[in-house]
Amino acid sequence: MNTPDHAEGRIPAKPTLDGIESRWVDQWRTDDTYAFDRSATRDEVFAIDTPPPTVSGSLHVGHVFSYTHTDTIARYQRMRGKDVFYPMGWDDNGLPTERRVQNYFGVRCDPSLPYDPDFEPPATEGTFPKGSDKRQVPVSRPNFIELCDRLVVEDEKAFENLFRLLGLSVDWSLLYATIDERSRRISQRSFLNHLSRGDAYQLQAPSLWDVTFQTAVAQAELEDRERPSAYHTLRFTRPDGSDLLIDTTRPELLPACVAVVAHPDDERYQPLEGATITTPVYGVEVPMVFHELADPEKGTGTAMICTFGDLTDVTWWRELNLPARPVIGRNGRFVDEAPDAIQGEGRERYAEVIGKTIHTGREIIVEQLQAADQLVGEPKPITHPVKFYEKGDKPLEIITTRQWYIRNGGRDDDLAKALIDRGEAIAFHPDYMRGRYRNWVEGLNGDWLISRQRFFGVPIPLWYPLDAEGEPVYDEPLAPAAELLPIDPSTDVPDGYTADQRNKPGGFMGDPDVMDTWATSSLTPQIAALWAEDDPDGLWARVYPYDMRPQGHDIIRTWLFSTVVRSHFEEDSVPWHNACLSGWILDPDRKKMSKSKGNVVVPIDLLEQYGSDAVRYWAASGRPGTDTAFDEGQMKIGRRLAIKLLNASKFALGMAPAGGGLAAALDAPVTEALDQSMLAQLASLVDDATAAFDGYDYARALERTESFFWTFTDDYIELVKNRAYASRGDEAAASAHAALARALDSLLRLFAPFLPFVTEEIWSWWRDGSLHRQPWPNASALRTAAGDAPAERLTVAGQVLSELRRPKTEAKLSLRTPITSATITDTAARLALITDAIDDLADASVAAELQTAEGSELSVAAELAPES
RNA sequence: GGGCGCUUAGCUCAGCUGGCUAGAGCACCUCCCUUACAAGGAGGGGGCCGGGGGUUCGAGUCCCUCAGCGCCCACCA
């Protein structure tokens with residue numbers, strides 16, 4: 001295409017980055033530039049399982065960072081000719097949204113209520129006063145979900161706008177939300193599949209419990225926090241009446257004591273085998289037992305087993321067949337009824353703690369111990385790690401409840417092995433992240449607890465029949481027909497029953513629980529690609545298994561692992577072939593940026609200040625998996641790079657042959673030695689960048705491209721500038737034009753994944769269509785144009801040019817100062833390389849005469865023209 | 001306690017399968033308005049590549065070990 005309008009008129013006299021974001025965001029939207037072609041076959045597709053950001057507040061700079069990484073790869077694959085499946089989702093399912101909806105609208109979800117189609121919340125502008133729980137209006141779950149939709153719509157719009165402004169090449173027609181109808185349907189369908197295959201089961205068992213939210217939590221959601229505590233030495237009594245001293249940090253669990261344990265090899269306690277020990281204060285007789293997990297080094301070497309103080313207690317309780325005497329209830333307070341084992345005075349003492357919090361109960365029981373002289377000495381303060389729910393602020397308790405589980409290898413070595421093998425079949429980037437996956441699977445100590453005693457989320461899609469006494473028959477759950485999904489058992493009625501039989505003897509009850517948010521987000525591959533949905537385009541078969549899962553390394557144990565589990569059961573497959581882990585953004589003090597630390601920078605401000613390309617440049621400089629410092633300096637460099645590209649392009653395009661644009665020179669022969677050498681280097685660059693991208697190392701591709709670009713502008717353009725202006729005739733100039741055209745063409749493509757705006761802008765000056773739909777540059781075509789020219793010629797010429805400039809700089813003269821004569825000394829091999837570039841060197845250094853002399857290393861002796 | 005990662009110029013970091021005098025940008029110093037670019041260009045100073053061993057003709061790169069920092073995991077009486 002070399003119509004005159006390409007030659008003139010499209011290149012601004014003073015190129016600028018101002019306004020290019022909005023111009024191209026609009027153009028790409030209008031043209032559907034990034035639309036996924038639903039007719040592509042699986043081998044033509046590159047599918048990305050995009051992380052759905054949590055919609056509870058605003059996007060932060062960490063999002064900009066990691067989503068840019070994914071986008072560079074999406075753009076690269078698109079240019080490689082792949083049809084890129086790049087969806088977006090909003091994670092608006094779960095506790096963070098539940099809290100926001102409550103506070104914003106002044107409502108509280110109550111699944112026992114029927115749906116009210118005319119409901120209006122008491123507050124609509126987020127004006128509901130905080131801390132007024134009692135005045136929150138209870139609403140049904142369907143109403144609550146509607147309010148969620150209302151609340152998040154604005155946020156989601158803002159998220160989309162920011163991602164568009166950032167230049168993400170997402171196909172926005174593939175948008176989903178984790179609480180939307182399709183996600184609920186797919187989530188419930190998968191759950192019922194698990195149930196029918198036996199991958200899901202319910203169990204009445206001790207499980208980790210958050211007393212604030214009053215819900216069970218999963219192992220993956222735990223975190224340890226260092227908390228002050230104290231060893232209390234309690235005086236238990238041996239059969240012979242002598243003391244048996246036991247250290248504990250949980251004296252309040254004394255009424256829950258069911259045994260005393262020591263290590264089987266511990267000679268101090270071996271004589272007590274078969275003995276009965278009496279607990280202090282409560283006078284309960286408990287057996288002396290032995291177990292490998294008892295540590296002779298800890299405390300007095302013997303411990304009281306309580307139901308349940310920690311997970312070890314659960315192990316002991318289970319493996320030693322001990323009774324359960326729970327004293328802590330779901331609300332974190334002492335239960336109303338003392339365990340049966342406590343009799344006589346012990347019951348009166350227990351009465352003092354009924355209904356008390358754990359904290360208060362501890363004080364009371366410590367007083368009881370002191371009063372009975374059964375606390376030895378003063379408590380010894382210590383600090384130790386305590387398990388917390390990651391979103392909670394009180395230590396977790398262990399409470400026996402009925403919960404739903406999905407098998408994940410935590411109780412089945414064969415399954416664990418199979419899941420580790422799945423991990424081996426996935427390429428991790430960087431590779432060492434695989435260790436974290438394996439580490440986690442090997443360390444699992446139970447199946448995946450997916451039921452949550454919360455209100456906002458995807459309901460467990462089951463009902464239970466009620467017997468004549470009104471007790472649920474859990475073993476015979478009632479499941480809905482697949483075509484009725486999604487259902488809400490709190491408002492929908494199972495087949496064969498009527499609404500008025502709800503919660504009546506002989507009737508039914510809905511399962512009150514919702515699924516863990518990961519139980520839905522582990523299905524993002526299924527949700528985005530319409531798994532088992534009405535899918536006329538056959539999307540699922542075109543994208544699954546996906547090529548790539550990008551995500552943060554902190555959620556390998558949750559999102560990554562749970563997605564592997566679901567695909568293992570549903571598809572007997574890995575969900576994707578590559579897992580790309582990005583690091584965190586650290587503030588300059590090397591701390592993770594977070595809202596609570598108040599060190600968060602608002603992304604939109606950065607994009608406006610530096611430009612999207614500049615911010616992307618900073619993001620793309622962060623190596624895969626590496627935590628990266630937030631660095632506005634890198635954004636400034638990115639901005640300069642973008643401006644440099646504008647100006648260098650303007651220069652190259654200004655060399656357009658008469659009568660046609662520079663595009664006309666794309667196929668012209670490259671005859672000059674230096675030009676050929678530059679193209680040889682460029683071909684190597686294309687090879688390097690391609691290999692880096694194929695290994696998901698976008699940062700390396702950028703670094704190589706940028707490095708070449710500086711050589712290109714500082715050395716090559718300087719060397720050929722005069723010749724391109726036809727200083728040595730039209731033929732020599734034409735070679736420069738042909739080389740510049742090819743270099744510009746390739747550089748725009750190479751930079752396109754990183755700097756999509758400025759490259760598209762420049763592309764529009766001389767070419768048609770979107771750059772982002774162009775093929776990736778072709779190294780062999782460049783090599784052909786370069787002939788057999790050595791790439792080193794340009795390198796040596798650049799070094800010589802630098803030496804020719806030095807005397808001018810040292811004499812504090814302008815670089816325009818003419819050199820009357822100069823001698824270049826260097827090795828024969830290096831001199832041979834620049835023989836054919838000597839005229840270019842003379843032009844660039846304003847030298848009247850250049851001579852060469854053989855020597856051991858490069859040096860230049862130059863005579864400068866006297867100052868005029 | 002186990003595992004992993006990091007440690008290269010004042011700062012932020014490149015240095016892939018070991019190979020010419022260790023690189024980039026920022027910052028600092030000097031100079032230059034040269035017709036792509038002064039939000040630029042040319043040049044310069046600055047590094048026992050965390051410490052100590054080892055393999056090798058040769059180690060920032062491989063092996064061992066120690067130290068510091070960070071992350072993940074762990075049964076936290």
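When reading the values below, keep in mind they use all heavy atoms of this one structure, side chains included, and skip hydrogens, waters and symmetry mates.
Taking the six-membered ring where tryptophan is involved, the planes of A:His553 and A:Trp584 are tilted, since the angle between them lies from 30° to 60°.
Across B:rG40, B:rA77, B:rG15, the shortest atom-to-atom separation from the side chain of A:Lys644 is found for B:rG40. Distances from the side chain of A:Trp440 to the nucleotides B:rA77, B:rA39, B:rC73 place B:rC73 closest. When the nucleotides B:rA77, B:rA74, B:rG44 are ranked by their closest atom to the side chain of A:Asp224, B:rA74 comes out on top. Considering only the side chain of A:Lys14, B:rA38 comes nearest among B:rA14, B:rA38, B:rC32. For A:Arg816, taking side-chain heavy atoms from C-beta onward, the closest of the listed nucleotides B:rA77, B:rG41, B:rU34 is B:rU34. The side chain of A:Trp584 lies closest to B:rC71 when the candidates are B:rC71, B:rA38, B:rG15. Looking at the side chain of A:Arg805, the nearest of the listed nucleotides B:rC13, B:rA77, B:rG43 is B:rG43. Closest to the side chain of A:Arg700, from the set B:rC4, B:rG15, B:rU12, is B:rG15. Candidate nucleotides B:rG15, B:rG43, B:rA77 were compared by shortest atom distance to the side chain of A:Thr809, and B:rG43 ranks first.
With rounding to whole Å, A:Ile637 atom CD1 is found 22 Å from B:rC37 atom P. For A:Leu864 and B:rC32, the CG to P distance is 15 Å, given to the nearest whole Å. If you measure from atom CZ of A:Arg438 to atom C1' of B:rG3, you get 10 Å, rounded to the nearest angstrom. Atoms CE (A:Met433) and P (B:rC73) sit 13 Å apart, rounded to a whole Å. Taking atom CZ on A:Arg436 and atom P on B:rC71, their separation rounds to 10 Å, with Å as the unit. One interatomic measurement links the two molecules: CG of A:Asp554 to C1' of B:rC4, which rounds to 15 Å at whole-angstrom precision. B:rA74 atom C1' lies 9 Å from atom CG of A:Asn439, rounded to whole Å. When the P atom of B:rG2 is taken as reference, atom CG of A:Asn445 falls 20 Å away, rounded to whole Å.
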Review point. Stepwise, does the side chain to side chain contact (heavy atoms under 4.5 Å, CB included) test hold for A:Phe630 with A:Trp618?
Key: CA-CA 9 Å; A:Phe630 174 75; A:Trp618 158 74; 4.1 Å; yes
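Ring centers of A:Tyr269 and A:Phe290: at least 6.0 Å apart, outside the cut-off.
Stacking of A:Arg225 on the aromatic ring of A:Phe388 is recorded, both the 6.0 Å distance cut-off and the 45° axial limit being met.
Under the 3.5 Å distance criterion, with hydrogens and angles disregarded, no donor-acceptor pair is assigned to the side chains of A:Thr300 and A:Asp247. Of the N and O atoms on the side chains of A:Glu223 and A:Tyr389, not one donor lies less than 3.5 Å from an acceptor on the other residue. Side-chain atoms of A:Gln681 and A:Tyr716 include no donor-acceptor pair closer than 3.5 Å. In the model, A:Gln219 has no side-chain atom that pairs as donor or acceptor with a side-chain atom of A:Arg557 under 3.5 Å.
With rounding to the nearest 0.5 angstrom, the NZ atom of A:Lys394 is 10.5 Å from the NE2 atom of A:His359. To the nearest 0.5 Å, the span separating CZ on A:Arg235 from CG on A:Leu244 amounts to 11.5 Å. Atom-to-atom distance recorded for A:Leu801:CG and A:Asp840:CG is 10.5 Å, nearest 0.5 angstrom.
Nucleotides B:rC64 and B:rU55 have their P atoms positioned 15 Å apart, rounded to a whole Å. Taking atom C1' on both nucleotides, B:rC6 is separated from B:rU61 by 16 Å, rounded to a whole Å. For the P atoms, the distance linking B:rG3 with B:rC66 amounts to 12 Å, nearest Å. Rounded to whole Å, the C1' atom of B:rA14 lies 23 Å from the corresponding atom of B:rG58. Distance check on atom C1': B:rA24 versus B:rC62 gives 26 Å, rounded to whole Å. Between B:rG50 and B:rG10, the distance separating the two P atoms is 13 Å to the nearest Å. Annotation: B:rG18 and B:rC37 have their C1' atoms spaced 41 Å apart (nearest Å). Across B:rA67 and B:rG25, the matching P atoms stand 38 Å from one another, rounded to whole Å.
The shortest distance between the side-chain N/O atoms of A:Lys387 and the OP1/OP2 oxygens of B:rC75 is below 4.0 Å. Between A:His384 and B:rA77 there is a side-chain polar atom (N or O) within less than 4.0 angstrom of OP1 or OP2. A sub-4.0 Å separation between OP1 or OP2 of B:rG43 and a side-chain N or O of A:Ser802 is present. The phosphate of B:rG40 (OP1 or OP2) has a side-chain N or O of A:Arg640 nearer than 4.0 angstrom. When the side-chain nitrogen and oxygen atoms of A:Lys812 are compared with OP1 and OP2 of B:rG43, none of them lie within a distance under 4.0 Å. Applying the 4.0 Å criterion to OP1 and OP2 of B:rC73, one finds that A:Arg557 has a side-chain N or O inside that range.
Nucleic acid contact class of A:Thr249 (heavy atoms, under 4.0 Å, all strands): sugar-phosphate only. Residue-level contact check: A:Arg227 touches neither bases nor backbone, having no heavy atom under 4.0 Å from any strand. Using a 4.0 Å heavy-atom cutoff across all strands shown, A:Leu815 reaches at least one base atom of the nucleic acid. Among the protein residues, A:Ala294 comes within range of the nucleic acid bases, having at least one heavy atom under 4.0 Å from a base atom. Within 4.0 Å of A:Arg639, counting heavy atoms only, lies at least one base atom of the nucleic acid.
Contacts with RNA chain B (heavy atom under 4.0 Å) in residues 704-722 of chain A: A:Trp710, A:Thr713, A:Asp714, A:Ile717, A:Glu718, A:Lys721, listed by number.
Using a distance-only test at 3.5 Å, with no hydrogens or angles considered, no donor-acceptor pair links the side chain of A:Glu703 to the main chain of A:Ser621.
Place A:Gln219 and A:Ile246 on RNA chain B by their nearest nucleotides, and A:Gln219 ends up nearer the 5' end. Residues A:Asp18 and A:Asp295 both approach RNA chain B. Their nearest nucleotides, taken by heavy-atom distance, put A:Asp18 toward the 5′ side.
For the pair A:Arg438 and A:Glu424, the minimum side-chain heavy-atom distance is below 4.5 Å.
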Revision key, fill the gap. RNA chain B in dot-bracket form (Watson-Crick or G-U pairs under 3.5 Å, [ ] crossing, | inter-strand) is (((((((..((((.....[...)))).(((((.......))))).....(((((..]....))))))))))))....
